[in-house]
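What you are looking at is a predicted structure, and each value in this text was computed from that prediction instead of being measured.
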Amino acid sequence: MSTQRRARLREAPLPRTGAELGGVLDFVREEIAPFPTGNGHPAFFAWVNSPPAPAGIIAELLASAVNATCGMGENALMDVERGTVRMLADLAGLPESTGGVLTSGGSMANLLALATARTRFLTGRGSGDGPTYDRDHARLTLYYSAQAHMSVIKAAACIGLPAHRMRAVPADEHDRLNPAALRAAVTADLDAGLLPFCTVTTLGTTATGAVDPLTEVTDLCRRTGMWHHADGAWGGLGAAVPALAPLYQGVADVDSLTVDPHKTLSVPVGCGALLVPDPEHLHTAFAHRASYLTAGEPDALPWLSHATIELTRPGTRALALWATLRHLGRAGVTTLIEHYLTLADQLRDKITAQPRLELLAAGPWPVACFRITHPGGAADDLHARVARRVQAAGRAYLATVAVNDRTVLRACLCNYRTTTDDLDLLIREVLLAADADDPPRLSRTSGRHTAEDH
């Protein structure tokens, strides 16, 4: 997309008179549709950013026409949201008591989780308003894997934690949070008079698809009074998949769980979820009253706005998720995730079979981190250049990531339209982009450049 075209979109003035609605279709066809992120293409491997499934697209359009807010009062879409939260909790292996809310994505869900954990911890200590609250809040300390998503750190900053009270716990050789390192960090902080209040594990890390150990972290949290939040934005539904289920033992005992249906289930973007086995903790953290917002029925359920910071909330998330889950069914959810796992295994095999590539990290969630082999050692900037060239060519898209402090190539599988042909295409594009860095080699017999050198 040209710089001039982008500037035109940013700087276009509001016209003096209105225009026909039909012009919206022309505008989208000419100015928007040809320049997407690219995540709808089956050879898009850059981020955990799946294309929207048709069921969700149709449902979002219908919900927009209904235009109900899922915050205050009662309407059918609020009950649809409660129902989809229950379905997600069941897929995730959480207790029947679980409640929660749909959010814009994992970032908002993580923010709500940390705010809830803070309220629960301080309430449990009897820290009311005033000096006691201030003293206790100033000593709160958060723990998370060094592989955690950046939204965890952003959420902690939003609830008032300074960087020096955030602990990035080292990961083990499989990129999982190291329980021994966590115990050591918590013990040191307790000895220093600080207040460990929450540990965040990750189910499907962004970089390598690792799953942190759940049971050991929960045991430590119970002994120290901490909240255990699991960020499963990508991998929160792994308990529903037989191949992954052993890694999710103990998931029913976490205090909260993030899930992003717009990642794992191809619901249109803007659909995350926070699931809490004891939803009363959410209400304690977020329920606020006002004279102009009062439930009309004595037996009314708690408004969904009492479980989040949003009052005005779109109903499009609920209906799009409901339609997608109804279309897939439980078996379809499992089959979809298994499809990604199978493709990831095939991609890893193709990387391993290619002498010029080296597989560095892989899963268990469907991702492959790999490097280009080079006689002198492939520099970080080589992989960055290769990723840019692949993107610029327009036939495939992948990203870079840091693994063991080295920049490498990363491909994740989250498009239901991807096939093995797209995997072959990606390998070809990477090698072609890498060739652009190699100087032409001379023929041993003629001293001329050989055709295969290009």
Side-chain angles (χ1 to χ4, degrees), residues 1-71 75-77 80-81 102-108 260-272 310 312-328 336 387-399 412 414-419 421-422 425-426 429:
M1 187 176 186
S2 69
T3 301
Q4 294 80 3
R5 186 184 291 269
R6 295 180 66 185
R8 187 166 66 246
L9 293 176
R10 293 193 303 267
E11 300 166 6
L14 178 67
R16 180 175 175 277
T17 59
E20 293 294 329
L21 282 178
V24 174
L25 298 178
D26 295 334
F27 176 78
V28 171
R29 182 178 61 251
E30 297 167 8
E31 303 290 345
I32 306 299
F35 310 103
T37 302
N39 59 305
H41 195 282
F44 181 92
F45 302 97
W47 306 299
V48 190
N49 196 338
S50 59
I57 296 172
I58 295 169
E60 276 209 344
L61 176 62
L62 296 174
S64 295
V66 173
N67 199 37
T69 178
C70 284
N75 58 67
L77 282 176
V80 169
E81 178 164 341
L102 300 182
T103 68
S104 59
S107 295
M108 178 58 72
D260 269 7
H262 66 208
K263 289 185 173 70
T264 314
L265 301 178
S266 283
V267 175
V269 165
C271 184
E310 292 180 297
T312 302
R313 306 176 62 253
T316 51
R317 301 168 184 162
L319 196 60
L321 176 56
W322 177 88
T324 302
L325 288 171
R326 183 176 177 85
H327 177 68
L328 289 172
L336 180 63
R388 286 195 299 269
R389 288 170 186 153
V390 170
Q391 178 186 356
R395 291 179 288 272
Y397 198 160
L398 84 169
C412 69
C414 60
N415 188 320
Y416 57 87
R417 297 172 57 226
T418 300
T419 68
D421 290 341
D422 300 302
L425 170 64
L426 176 65
E429 290 297 303

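If you take SG on Cys414 and CG on Leu265, they are separated by 12.0 Å, rounding to the nearest 0.5 Å. Here OG1 of Thr324 is found 9.0 Å from CD of Glu60. Values are rounded to the nearest 0.5 Å. Separation of atoms CG (Leu398) and CZ (Phe44) is listed at 10.0 Å; rounding is to 0.5 Å. Separating the CD atom in Glu31 from the CG atom in Asp26 is a distance of 10.5 Å, to the nearest 0.5 Å. How far CD of Glu11 is from CZ of Arg6: 11.5 Å, rounded to the nearest 0.5 Å. One distance of note links CG of Asp421 with CG of Leu426; it measures 12.5 Å at 0.5 Å rounding.
With respect to Thr316, the side chain to side chain contact (heavy atoms under 4.5 Å, CB included) criterion is satisfied by exactly one of Cys271, Ser64, Pro268: Ser64.
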Legend entry - Derivation and outcome, side-chain contact (heavy atoms from CB on, under 4.5 Å), residues Leu336 and Tyr416: CA-CA 7 Å; Leu336 180 63; Tyr416 57 87; 3.8 Å; yes
Inset, instruction - Please step through side-chain contact (heavy atoms from CB on, under 4.5 Å) for the pair Asn75 and Cys70, ending with a clear verdict. - result: CA-CA 8 Å; Asn75 58 67; Cys70 284; 4.3 Å; yes
Legend entry - side-chain contact (heavy atoms from CB on, under 4.5 Å) between Leu325 and Val267, worked out: CA-CA 9 Å; Leu325 288 171; Val267 175; over 6 Å; no
Legend entry - Arg313/Leu102 under side-chain contact (heavy atoms from CB on, under 4.5 Å): CA gap, chis, key distance, verdict: CA-CA 9 Å; Arg313 306 176 62 253; Leu102 300 182; 4.2 Å; yes
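In the displayed structure, Glu20 atom CD is contacted under 6.0 Å by at most 12 heavy atoms of other residues, nucleotides or ligands. Atom CZ of Arg326 sits in a sparse spot, with 12 or fewer heavy atoms from other residues, nucleotides or ligands closer than 6.0 Å. Summarising the local packing, CG of Leu25 is surrounded by more than 12 heavy atoms from other residues, nucleotides or ligands at distances under 6.0 Å.
In terms of heavy-atom proximity, Ala68 sits nearest to Leu77 at CB-CD1, 4.1 Å. Gln391 and Tyr397 make their closest contact through NE2-OH, 3.3 Å (heavy atoms, listed as atom of the first residue, atom of the second, distance). Closest of all the heavy-atom pairs between His41 and Arg395 is CE1-O, 4.0 Å. Heavy-atom minimum distance, Pro261 versus Leu321: CB-CD1, 3.7 Å. Summarising the geometry of Glu429 relative to Val390, their closest heavy-atom pair is O-CG2, 3.7 Å, with the distance given to 0.1 Å. Contact record, Gly40 with Pro51: CA-CB, 3.8 Å, taken as the closest heavy-atom pair.
Taking 4.0 Å as the cut-off between side-chain N and carboxylate O, Glu81 and Arg317 do not count as a salt-bridged pair.
Side chain of Ser50 to main chain of Asn415: no donor-acceptor pair is present (N/O by atom type, distance under 3.5 Å, no hydrogens or angles).
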